[in-house]
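To start, the structure itself, in structure tokens.
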Amino acid sequence: MAAYYNDNTIIYFNGEFVKASEAKTDLYSQSLHYGYAVFEGIRSYPVNGGTKMFKGKEHYDRLRRSAEVTRIPFSYTTEQLVELTYETLRRNNLTDAYVRPIVLCSPNMSLSKGQISYLAIECWEWTNGYMSNQMKIMTSSYRRPNADAFHVDAKVSGHYVNSILACQEAKDKGYDEALVLDCNGFVAESSGANIFYEENGVLYTAPKGHILPGITRATVLEICGELNIPVIEKFFTTDEMRGADAGFFCGTAAEVVALSSLDDVPFKKNWEDSLSYLIQQAYRCKVMEKPFRLKEEVA
Ligand code: PMP
């Protein structure tokens, strides 16, 4: 089990910096009982001798929007949130880190909208272990929450029960992750990342509507533009994706992760020969603020 904190860890909580081991929350909140909380997952990297969050503004804009659509009161500005996060990282002496801000609600057992909210910003060391691995994935028997039932494009704690069920089902069956369909049977995303596949030099990904439209997904679309790689957002089925040239998951924590097979059908190309591989490399450069250059032979 990862060690998220120790006796020296500092978090921002409710207006002050406190020891994680001494911070308290209560047992009567809507957040605990109903999953009524919103959160973010952000990465910071060592950049030019300092510490830099990747797209911190975009993440905190999304956090504020998640609170707004779920009617949780939240008055921090994005600029304040960015500043508090850098201070939390600094107090913990962290550079390569994962940042987890969460907005919790006050004690209230009723089903009314949030009354008072509390912000916690937690962070811990994170160096990406996924990049060199390839994932074996399976189509989940669970579907993503219906977009008419939830704000699926918001990052709400309660939605993640669905993610836990899908991810654990895949692991119990010997796979690394789940591919989860939307309520209409089209490919949506994984338990905690967006999905792309590559076929004949074109990339495909699910459109907005039934997914959490990730900040990494948006970055991949940006990279495709920069590298002149055609990309199409469309609804597609597992039959279209199975046995394609390549596929990957992308998300803040995972970055860009190669897929080796879907439902035991391997992707056709060697990962290193795919356009998806170039995107993985370009993503790494972007988060580290390093220039990415195509090698002559592939340009
Ligand atoms: N989908 C889900 C369900 C997620 O939990 C995440 C991780 N936040 C993503 C997609 C990817 O989003 P992002 O790139 O913003 O991390």
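One-based numbering, in listed order, for ligands and for the atoms of each. Residue numbers run from 1 in the order of the sequence given.
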Task: Min N/O separation Gly41 to ligand 1 under 3.5 Å - done: no
Task: Polar contact flag for Thr216 and ligand 1 (N/O pairs, less than 3.5 Å) - done: yes
- [ ] Is it possible for you to say whether Tyr283 and Trp271 belong to one hydrophobic cluster, with membership spreading through side-chain heavy-atom contacts below 4.5 Å?
- [x] yes
Open item on the list: Give the atom numbers and elements of ligand 1 that come within less than 4.0 Å of a heavy atom of Arg144.
Closed with: 3 (C)
Open item on the list: If you count every heavy atom of other residues, nucleotides or ligands that lies below 6.0 Å from Glu226 atom CD, does the total exceed 12?
Closed with: yes
TODO: Looking only at protein heavy atoms, identify the closest one to atom 12 (O) of ligand 1 and say how far it is in Å.
DONE: Gly214 CA, 3.3 Å
Task: Arg91 bridged to Glu87 by N-O distance under 4.0 Å - done: yes
Open item on the list: Which of the numbered atoms in ligand 1 are under 4.0 angstrom from any heavy atom belonging to Thr252?
Closed with: 13 (P), 14 (O), 15 (O), 16 (O)
Task: Closest approach of any protein heavy atom to atom 8 (N) of ligand 1, naming residue and atom - done: Lys155 NZ, 2.7 Å
TODO: For atom 9 (C) of ligand 1, state which one of Gly251, Gly192, Pro213 supplies the nearest heavy atom.
DONE: Gly192
- [ ] For Ser191, take its heavy atoms, then give the atoms of ligand 1 lying under 4.0 Å from any of them.
- [x] 3 (C)
Open item on the list: Under 6.0 Å from the ring centre and within 45 degrees of the ring axis: does the NZ or CZ of Arg64 meet both conditions for the six-membered ring of Phe74?
Closed with: no
- [ ] Write out the residue and atom name of the closest protein heavy atom to atom 5 (O) of ligand 1, then the distance separating them to 0.1 Å.
- [x] Tyr160 OH, 2.5 Å
Open item on the list: Under a 3.5 Å cutoff, is there a donor and acceptor pairing between the side chains of Tyr175 and Asp264?
Closed with: yes
Task: Any donor-acceptor N or O pair under 3.5 Å, side chains Thr216, Glu255 - done: no
TODO: Report the part of Arg62 in contact with ligand 1, treating N, CA, C, O as backbone and CB onward as side chain, heavy atoms under 4.0 Å; options are side chain, backbone, both, neither.
DONE: side chain
TODO: Decide if the gap between the ring center of Phe236 and the ring center of Tyr197 is smaller than 6.0 angstrom.
DONE: yes
Task: Heavy-atom nearest neighbour in the protein, as seen from atom 11 (C) of ligand 1, with distance rounded to 0.1 Å - done: Asn194 OD1, 3.7 Å
Open item on the list: Looking at Arg100 and Glu40, is there a salt bridge between them, counting it only when a charged N and a carboxylate O are closer than 4.0 Å?
Closed with: no
Task: Sub-4.0 Å heavy-atom contact, Ala193 with ligand 1 - done: yes
TODO: Determine whether any heavy atom of Glu58 lies closer than 4.0 Å to an atom of ligand 1.
DONE: no
Open item on the list: Pairing donors with acceptors under 3.5 angstrom, does anything connect the side chains of Thr205 and Glu233?
Closed with: no
TODO: For Glu189, take its heavy atoms, then give the atoms of ligand 1 lying under 4.0 Å from any of them.
DONE: 1 (N), 2 (C), 3 (C), 10 (C)
